[in-house]
Amino acid sequence: MAQDLTDLRDKIDIIDRQIVSLYEQRMDVCREVAQYKIENGKKVFDAQREQEKLHTVCSLVNKDTYRTGVQELFELIMSTSRKMQYQMLSDAGAMGRLPFMEVEQLDLKKARVVFQGAEGAYSQAAMQRFFGKDVNSFHVETFRDAMCAIEEGSADFAVLPIENSTAGIVSEIYDLLQEFDNYIVGEQIIEIEQCLLALPGTKKEDIRVVYSHPQSLMQTARYLGNTGWQQISMKNNAFAAQKVVADAKTDQAAIAGVTAAEAYGLEILERGVNDEKGNCTRFIVVTNQKIFCKDARKISICFEIPHESGSLYHMLSHFIFNDLNMTKIESRPIEGRNWEYRFFIDFEGNLADSAVKNALRGLREETRSMKILGNY
């Protein structure tokens, strides 16, 4: 029986050598096709032609049980061919320029910066960490207001929270990044230490109501679960601190940071009430200019794909082929199209890198729509 298995493996080896030889022949012809497309300004991706080709090769299969496998094999072969053609376009200088301008560094000295919330918000702390304590800044009530401020030019940059290490993404920010023509040019990660704040002289046993942002309430769920206090959501932790001061009631408290306590003269009854220590929030720095720093190493994009089997798999293969490390993927529902999603991806690279250009060219041709959200 062992000899029989050896014979079968030998047969497979012979067939595999033939497959490799035929693959090389096919790719050589594909190179000629790519050269023709370069010379005649033709697009690499022809969806109709590929569907016709898949239908043809599947019709050649004699055994129905092999049909799905043959289709997957040829989808992969054609996908590899496309990526090689994108590389040839790049080498021939036919890729075109990405609509982003490279700069040595961001001009932060005279920048006017907007953040959402109020004095004492974590967004303000992130802004000061990135721009410095003397930054020329103002605050607005909503994330949308902040995006509008930089779009219309009343601010040069906005600082917005995009995800927390325990509570997850801030979904509204993802939606706004797709909606507005604003772009990420930096990020700032700060450690979050949630504190229980109240009017000076307040006793913990007198508290009945606590105010905070929904994510902060989530981050302190175990702590608050043992208190029996009523939990009321606010748009921002700083707004929660403001309300405690404005209402002047000793049965109210806020979950916020040390910065908020200092800004509003509240007493810190207890520090570090968040359930997980080392909790961090990532903030992004956004502007209305299509720029990226020469040393930027992270790229964020979003795209929509056909609602078909294997669509996401084929899109992600562009990162594999170009040896790009994808660090994050999220999805958000597309408004007005039930059960269809827009994908947001972070990956390592710089817009000046040839591998990045190749991947983005492929994604732009093969997705329904694709947007570069920033390189930072």
Side-chain angles (χ1 to χ4, degrees), residues 105-106 108 111-151 155-180 182-195 212-216 218-219 234-241 255-260 263 274 276 278-289 291-293 296-300 302 327-328 330 332 344-346 373-376:
Q105 59 185 18
L106 299 177
L108 307 182
R112 184 162 168 78
V113 186
V114 61
F115 64 95
Q116 182 272 341
E119 296 292 327
Y122 281 117
S123 293
Q124 183 185 34
M127 176 192 67
Q128 291 178 345
R129 185 84 60 86
F130 191 90
F131 291 91
K133 292 250 182 183
D134 296 329
V135 59
N136 178 14
S137 67
F138 66 100
H139 51 85
V140 292
E141 186 170 342
T142 69
F143 296 139
R144 177 174 290 277
D145 290 340
M147 292 295 264
C148 287
I150 51 174
E151 184 179 59
D156 301 305
F157 300 96
V159 177
L160 302 166
I162 193 166
E163 68 174 321
N164 178 266
S165 57
T166 57
I169 67 169
V170 183
S171 57
E172 184 182 352
I173 300 299
Y174 280 84
D175 296 339
L176 291 171
L177 284 170
Q178 189 279 326
E179 178 183 345
F180 284 80
N182 297 327
Y183 305 93
I184 308 170
V185 290
E187 67 177 354
Q188 182 67 58
I189 298 173
I190 64 170
E191 187 170 348
I192 303 298
E193 183 188 37
Q194 303 289 16
C195 302
S212 196
H213 185 274
Q215 282 199 333
S216 297
M218 288 173 56
Q219 294 162 13
M234 302 289 288
K235 289 182 179 179
N236 184 279
N237 288 353
F239 291 154
I255 298 292
V258 174
T259 307
N274 34 299
E276 291 193 27
N279 180 20
C280 296
T281 294
R282 181 165 72 99
F283 292 82
I284 53 173
V285 179
V286 184
T287 186
N288 64 0
Q289 300 178 66
I291 58 174
F292 68 99
C293 288
R297 293 314 308 161
K298 180 190 286 188
I299 298 171
S300 295
C302 67
T327 57
K328 188 177 183 63
E330 298 285 350
R332 293 287 301 145
F344 292 80
I345 287 177
D346 291 348
L373 300 176
N375 188 191
Y376 49 101

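Nothing fancy with the numbering, it's 1 onward along the sequence. Keep in mind that this is a model prediction, so the values were computed, not measured. These numbers come from the heavy atoms of this one structure, side chains and all, not from hydrogens, waters or symmetry mates.
With His213 contributing its side chain and Asn237 its backbone, the two residues share no donor-acceptor pair below 3.5 Å. When atom types are taken as modelled, the side chain of Ser165 and the backbone of Cys280 share a donor-acceptor pair closer than 3.5 angstrom. A donor-acceptor pair under 3.5 Å links the side-chain atoms of Asp156 to the main chain of Arg112, judged by distance alone. Judged by distance alone, with hydrogens and angles left aside, the side-chain atoms of Ser137 form no donor-acceptor pair with the main-chain N or O of Val113 at under 3.5 Å. Although no hydrogens or angles enter the test, the distance criterion places a donor-acceptor pair under 3.5 Å between the side chain of Asn288 and the main chain of Ile150. Within the 3.5 Å criterion, the main-chain N or O of Phe157 finds no donor-acceptor partner in the side chain of Thr287.
A salt bridge between Lys328 and Glu330 is present, with a side-chain N of the basic residue lying under 4.0 Å from a carboxylate O of the acidic one.
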For side chain to side chain contact (heavy atoms under 4.5 Å, CB included), just list the numbers for Ile169 and Phe344, CA-CA rounded to whole Å, side-chain angles, deciding distance to a tenth of an Å, and then say yes or no. CA-CA 11 Å; Ile169 67 169; Phe344 292 80; over 6 Å; no
Does the pair Val170 and Leu160 meet the rule for a side chain to side chain contact (heavy atoms under 4.5 Å, CB included), with working shown? CA-CA 9 Å; Val170 183; Leu160 302 166; over 6 Å; no
Checking Gln194 against Tyr122 for the side-chain hydrogen bond (donor to acceptor under 3.5 Å, both in side chains) test, could you report, in this order, the C-alpha distance in whole Å, the side-chain angles of both residues, the deciding distance, and whether it holds? CA-CA 10 Å; Gln194 303 289 16; Tyr122 281 117; 3.2 Å; yes
Yes or no on side chain to side chain contact (heavy atoms under 4.5 Å, CB included) for Phe130 and Leu106, after CA distance, side-chain angles and deciding distance? CA-CA 11 Å; Phe130 191 90; Leu106 299 177; 4.2 Å; yes
Does the pair Ser300 and Tyr183 meet the rule for a side chain to side chain contact (heavy atoms under 4.5 Å, CB included), with working shown? CA-CA 9 Å; Ser300 295; Tyr183 305 93; over 6 Å; no
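Closest heavy-atom contact between Met147 and Asn182: O-ND2, 3.2 Å. Across all non-hydrogen atoms, the minimal contact from Val140 to Ala146 is CG2-N, 3.5 Å. Contact between Thr281 and Pro161 at its shortest, heavy atoms only, is CG2-CB, 4.1 Å. Of all heavy-atom pairs spanning Asn236 and Ala118, the tightest one is OD1-N, 4.2 Å. Between Val185 and Tyr376 the shortest heavy-atom distance is C-CB, 3.3 Å. Nearest approach of Gln219 to Ala167, heavy atoms of both residues: NE2-CB, 3.9 Å.
A 6.0 Å sphere centred on CD of Glu141 holds no more than 12 heavy atoms belonging to other residues, nucleotides or ligands.
Put simply, the side chain of Gln178 does not reach to within 4.5 Å of the side chain of Arg332, judged on heavy atoms. Here the side chains of Ile192 and Thr166 are not in contact, with every heavy-atom distance at 4.5 Å or above. Phe131 has its side chain within reach of Val285: a pair of non-hydrogen atoms, C-beta onward, lies under 4.5 Å apart.
The distance from atom CD of Gln116 to atom CE of Met127, rounded to the nearest 0.5 Å, is 12.5 Å. To the nearest 0.5 Å, atom CG of residue Leu177 and atom CG of residue Leu373 are 5.5 Å apart.
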